[in-house]
Protein chains: 2
Amino acid sequence: MNFSVSEENYIKSIYRLQQQQEVVNTNSLAQELNTRAASVTDMLKKLQLKKLLDYEKYRGFKLNAAGNKIALTIVRRHRLWEYFLVTKLGFEWDKVHAIAEELEHVSSIELIQRLDSFLDHPQTDPHGDPIPDVHGKFTPIKQLNLGEIPEKKSVIVSSVSNQSSEMLELLNHNNIKIGTGLRVIKRFAFDGSIEIKVNKQATCILSEQVSKNIFVYHD
Amino acid sequence: MNFSVSEENYIKSIYRLQQQQEVVNTNSLAQELNTRAASVTDMLKKLQLKKLLDYEKYRGFKLNAAGNKIALTIVRRHRLWEYFLVTKLGFEWDKVHAIAEELEHVSSIELIQRLDSFLDHPQTDPHGDPIPDVHGKFTPIKQLNLGEIPEKKSVIVSSVSNQSSEMLELLNHNNIKIGTGLRVIKRFAFDGSIEIKVNKQATCILSEQVSKNIFVYHD
DNA sequence: CTTTAAATTTAGGTAAACCTAAAAAAATGT
DNA sequence: ACATTTTTTTAGGTTTACCTAAATTTAAAG
Ligand SMILES: [Mn+2]
Ligand SMILES: [Mn+2]
Ligand SMILES: [Mn+2]
Ligand SMILES: [Mn+2]
């Protein structure tokens with residue numbers, strides 16, 4: 001089947017919200033998509049008619065198996081394009097999302113296959129999020145929150161949940177990116193801030209607000 | 001200003017038709033866009049309102065300076081993407097047009113600037129058509145038709161006006177592509193066919209139908 | 001168990017981009 | 001010049017994806 005840009009955006013947003021809430025509700029989807037609840041209801045009916053959605057009036061909704069598969073192909077396209085934009089065209093990570101939001105709707109299957117080969121089958125996008133393969137499969141890295149790593153433990157940055165320019169600026173300043181090795185030196189109970197060593201070199205202090213947005217895995 | 005996918009497709013098609021006819025008429029545009037005359041009239045009013053078009057009811061229409069500029073940026077995007085698809089992703093030339101037809105509508109200006117740099121500022125697309133620069137300027141190669149090159153003259157293939165798979169197959173078979181050197185050995189008055197030497201090596205016979213679609217410049 | 005508040009859906013409407021059929025204008029043939 | 005054909009426009013629909021405002025359902029509070 002073939003989907004409109006709007007349908008694809010709805011599907012992807014529902015998928016995203018499902019990572020947090022088992023069942024999605026109308027208002028949160030409306031907020032996510034910058035639209036109104038009434039518009040969401042319209043689209044829900046359409047997606048249900050196309051058999052991508054489990055939906056009961058007033059009770060919330062979620063993607064069924066078919067819907068999930070579609071969502072994963074869109075996520076795959078989005079993240080491959082983001083990877084392309086950063087590694088080949090030299091964009092900073094905070095600039096790629098909006099562009100990938102458009103590119104992800106280009107529908108050629110062969111295009112994505114070839115792009116994937118050209119990029120050497122990357123496993124994660126510039127924000128550390130996993131890229132599903134052609135069949136929608138991916139290995140979710142088990143994410144530990146830097147805010148909860150105890151002192152003296154060494155970890156590697158796997159992803160960052162806040163992908164704003166401000167966050168990027170802060171991380172760049174401290175030479176932290178996806179794949180960087182960190183060691184928690186000291187935790188300050190007073191404000192939740194932590195002192196860390198970056199790549200076995202410089203140390204720096206991160207506020208709790210920052211460390212909560214950084215996800216890591218064990219060394 | 002910002003244009004819809006539909007508006008951009010109309011603008012580009014009008015531009016294309018203007019290369020052949022000074023003033024464009026409703027029916028030919030409808031045919032070009034696979035739509036109906038009434039739909040074209042609707043869009044003409046809109047483009048006129050947006051001041052991109054010189055248009056007088058029943059009298060035909062053409063892009064004004066502003067419209068032309070827009071057209072050239074869309075052509076630029078289209079051809080850069082085609083070049084990317086062929087040189088980086090390894091597509092054959094007959095497969096890229098439809099995909100570029102979608103990619104050309106991705107609106108980021110920085111994307112196209114960076115893509116252009118990444119590709120090393122190519123001058124022509126895979127079909128030999130010139131790629132306009134950021135300001136819409138390009139040097140139109142003066143096109144000679146292979147069907148009119150006299151015997152014993154050597155030329156270089158600059159573009160091919162029929163970009164079908166069938167044409168590609170025939171050219172591939174004879175090792176002819178953009179940039180290939182050709183020498184006209186003999187012209188046969190009987191059917192307009194010509195014997196040519198390809199890259200100073202093998203010779204082959206091209207029908208008039210084929211040679212008319214190949215454009216060349218002097219060695 | 002009501003009453004009130006919040007979430008969701010329905011009703012009815014708009015704009016973009018299409019369409020068919022009919023009317024109007026321009027071009028053509030004799 | 002006038003009738004006929006062709007081209008183009010207008011009139012009036014449709015579909016998609018939005019919207020606001022009102023009605024309905026569910027959840028929360030007293
Ligand atoms: Mn999108
Ligand atoms: Mn991402
Ligand atoms: Mn297009
Ligand atoms: Mn081309």
Side-chain angles (χ1 to χ4, degrees), chain A residues 1-14 17-18 20-63 67 70-71 74 101-102 104-107, chain B residues 1-14 17-18 20-63 67 70-71 74 101-102 104-107:
Chain A
M1 231 199 253
N2 220 24
F3 303 98
S4 71
V5 169
S6 232
E7 288 169 335
E8 289 190 349
N9 283 334
Y10 271 89
I11 293 167
K12 188 155 64 80
S13 289
I14 296 170
L17 290 174
Q18 278 184 183
Q20 299 155 344
Q21 346 164 221
E22 171 64 20
V23 97
V24 186
N25 48 311
T26 306
N27 271 346
S28 45
L29 184 51
Q31 189 172 24
E32 175 87 8
L33 283 165
N34 240 290
T35 183
R36 302 312 174 101
S39 309
V40 169
T41 304
D42 283 351
M43 184 59 88
L44 292 178
K45 284 181 192 157
K46 192 145 58 112
L47 294 179
Q48 187 183 33
L49 214 76
K50 293 196 174 188
K51 298 189 191 308
L52 302 176
L53 214 54
D54 285 344
Y55 170 44
E56 259 186 305
K57 259 186 171 188
Y58 294 103
R59 297 259 97 124
F61 47 90
K62 59 185 201 183
L63 295 171
I70 308 288
I74 306 168
E101 202 57 51
E102 293 186 55
E104 70 189 357
H105 303 292
V106 176
S107 57
Chain B
M1 234 203 251
N2 220 25
F3 302 98
S4 71
V5 169
S6 233
E7 289 169 334
E8 289 190 348
N9 283 334
Y10 272 88
I11 293 167
K12 188 155 64 82
S13 290
I14 297 170
L17 290 174
Q18 278 184 182
Q20 299 154 345
Q21 345 164 223
E22 170 64 19
V23 97
V24 185
N25 49 310
T26 305
N27 271 345
S28 44
L29 184 51
Q31 188 172 23
E32 175 87 8
L33 283 165
N34 240 290
T35 183
R36 301 313 174 101
S39 309
V40 169
T41 304
D42 283 352
M43 184 58 87
L44 292 178
K45 285 181 192 157
K46 191 146 58 112
L47 293 179
Q48 187 183 34
L49 214 76
K50 293 196 174 189
K51 297 189 192 309
L52 303 176
L53 214 54
D54 285 344
Y55 170 44
E56 258 185 304
K57 258 186 171 186
Y58 293 103
R59 295 261 97 126
F61 48 89
K62 59 186 202 183
L63 295 171
I70 308 289
I74 306 167
E101 201 58 49
E102 293 187 55
E104 71 189 356
H105 303 292
V106 176
S107 57

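Proteins get letters first, then strands, A, B, ... in listed order; numbering begins at 1 in each.
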- Those residues that, when tested against B/Lys62, pass side chain to side chain donor-acceptor pair (under 3.5 Å) (two or more places apart): B/Glu22

- Quick one: is B/Tyr10 getting a side-chain N or O under 4.0 Å of the C/dC18 phosphate, OP1 or OP2? yes

- Message: Would the distance check show the side chain of A/Gln18 and the main-chain N or O of A/Leu63 forming a donor-acceptor pair, the cut-off being under 3.5 Å?
- Response: yes

- Query: Any side-chain N or O of A/Ser39 less than 4.0 Å from the OP1 or OP2 oxygen of D/dC19?
  - Reply: yes

- Rounded interatomic separation in angstrom, taking CD from A/Glu8 and C1' from D/dT16: 15 Å

- Message: Counting only side-chain nitrogens and oxygens, does B/Arg36 get under 4.0 Å of the OP1 or OP2 atom of C/dC18?
- Response: no

- Item | Spatial distance of atom NZ (A/Lys12) from atom CD1 (A/Ile74) [nearest 0.5 Å] | 7.5 Å

- May I ask you to check whether over 12 heavy atoms, not counting those of B/Gln21, lie within 6.0 Å of atom CD? yes

- Message: From CE of A/Met43 over to C1' of D/dC18, roughly how many Å is that when rounded to an integer?
- Response: 10 Å

- Message: Tell me which one of B/Leu52, B/Thr35, B/Leu44, B/Leu53 satisfies side-chain contact (heavy atoms from CB on, under 4.5 Å) with B/Tyr10.
- Response: B/Thr35

- Taken to the nearest whole Å, CG/B/Leu33 to C1'/C/dC19 is 15 Å

- Determine, for nucleotides 5-12 of chain D in 5'-to-3' order, which nucleotides have protein heavy atoms under 4.0 Å from the base (write B), from only the sugar-phosphate (write S), or from neither (write -). --SBBB--

- With heavy atoms under 4.0 Å as the rule, sort B/Ser6 into base, sugar-phosphate or nothing. sugar-phosphate

- side chain to side chain contact (heavy atoms under 4.5 Å, CB included) involving A/Asp42 - partner list, sequence neighbours excluded: none

